[in-house]
Amino acid sequence: MLFGEEHVKRYRETDGAEGHEWQGTVVLLLTTTGRKSGEQRETPLIYQRHGDDYLVVASKGGADAPPAWYLNLQANPEVEVQVLGDRFTARARTATAEEKPELWKIMAATWPAYDEYQTKTDREIPVVVLERVSS
């Protein structure tokens with residue numbers, strides 16, 4: 001997480017006027033459903049666009065275990081995304097082996113530390129594609 005609950009709160013209150021731009025990059029809010037608790041969990045994540053989709057990286061700073069939000073969306077891929085004032089339902093999926101090299105380059109260009117994070121772990125760090133669900 002970036003700066004946790006306060007980040008989420010300010011982002012929500014200001015439709016991203018505070019919190020969308022962070023350390024030279026951009027952030028969205030991802031809301032997943034807890035796989036054990038069933039509770040809604042909001043996480044600020046660095047993102048980029050790829051066509052109509054949004055990309056995020058399940059890096060957890062290069063930890064050997066994936067972030068909880070990634071495990072949650074594997075259990076329930078229907079998520080809510082907020083980009084600035086735009087809140088929408090999306091379907092989350094892990095990028096395929098064919099897609100990943102191109103998508104990783106996009107994300108590493110945005111946040112170069114992703115390349116370093118991958119060297120810290122044997123875990124293959126996934127790129128997650130968030131596809132907007134038509135209402």
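The model shown is predicted, which means the values in this text are computed figures rather than measured ones. Positions are given from 1 along the sequence.
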Tell me, please, which residues at least two apart from T121 pass side-chain contact (heavy atoms from CB on, under 4.5 Å). D64, Q118, R123, I125

D86 vs R132, side chain to side chain contact (heavy atoms under 4.5 Å, CB included): CA-CA, chis, key distance, verdict: CA-CA 11 Å; D86 185 18; R132 186 187 291 260; 2.6 Å; yes

If you look at every heavy atom in [X] and [Y], which pair is closest and at what distance?
| X | Y | result |
| --- | --- | --- |
| A58 | P67 | O-CD, 3.6 Å |
| T94 | P126 | CG2-CB, 3.8 Å |
| P66 | Y70 | CB-CD2, 3.9 Å |

Do K100 and E124 touch side chain to side chain, with heavy atoms closer than 4.5 Å? yes

With a 4.5 Å limit on heavy-atom distance, are the side chains of W111 and M107 in contact? no

Supply the atom-to-atom distance [X] [atom1] to [Y] [atom2], rounded to the nearest 0.5 angstrom.
| X | Y | atom1 | atom2 | answer |
| --- | --- | --- | --- | --- |
| D53 | R91 | CG | CZ | 13.0 Å |
| D115 | K105 | CG | NZ | 11.0 Å |
| T14 | L84 | OG1 | CG | 9.0 Å |
| E80 | L130 | CD | CG | 12.0 Å |
| R93 | L73 | CZ | CG | 12.0 Å |
| Q48 | I106 | CD | CD1 | 8.0 Å |

ring-ring contact (aromatic ring centres under 6.0 Å, His included) partners of residues 39-69, not counting sequence neighbours, each pair once: H20-Y47, Y47-Y54, Y54-F88

Could you walk me through whether I46 and Y114 pass the side chain to side chain contact (heavy atoms under 4.5 Å, CB included) check? CA-CA 11 Å; I46 294 167; Y114 287 138; 3.6 Å; yes

Would E13 and K9 pass as an ion pair if we require N to O under 4.0 Å? yes

For residues 23-33, run the donor-acceptor check on the side chains, cut-off 3.5 Å, and write out each pair with its distance to 0.1 Å, sequence neighbours left out.
from : atom 1 : to  : atom 2 : distance (Å)
T31  : OG1    : R12 : NH2    : 3.3
T32  : OG1    : N72 : ND2    : 3.4
T33  : OG1    : Q40 : NE2    : 3.0

Taking everything shown except K120 itself, do over 12 heavy atoms lie less than 6.0 Å from its NZ? yes

Whether Y11 and H7 hold their rings parallel, tilted or perpendicular, with breakpoints at 30° and 60°: tilted

So, applying salt bridge (charged side-chain N to carboxylate O under 4.0 Å, His left out) with R10, which one of E5, E18, E21 is it? E18

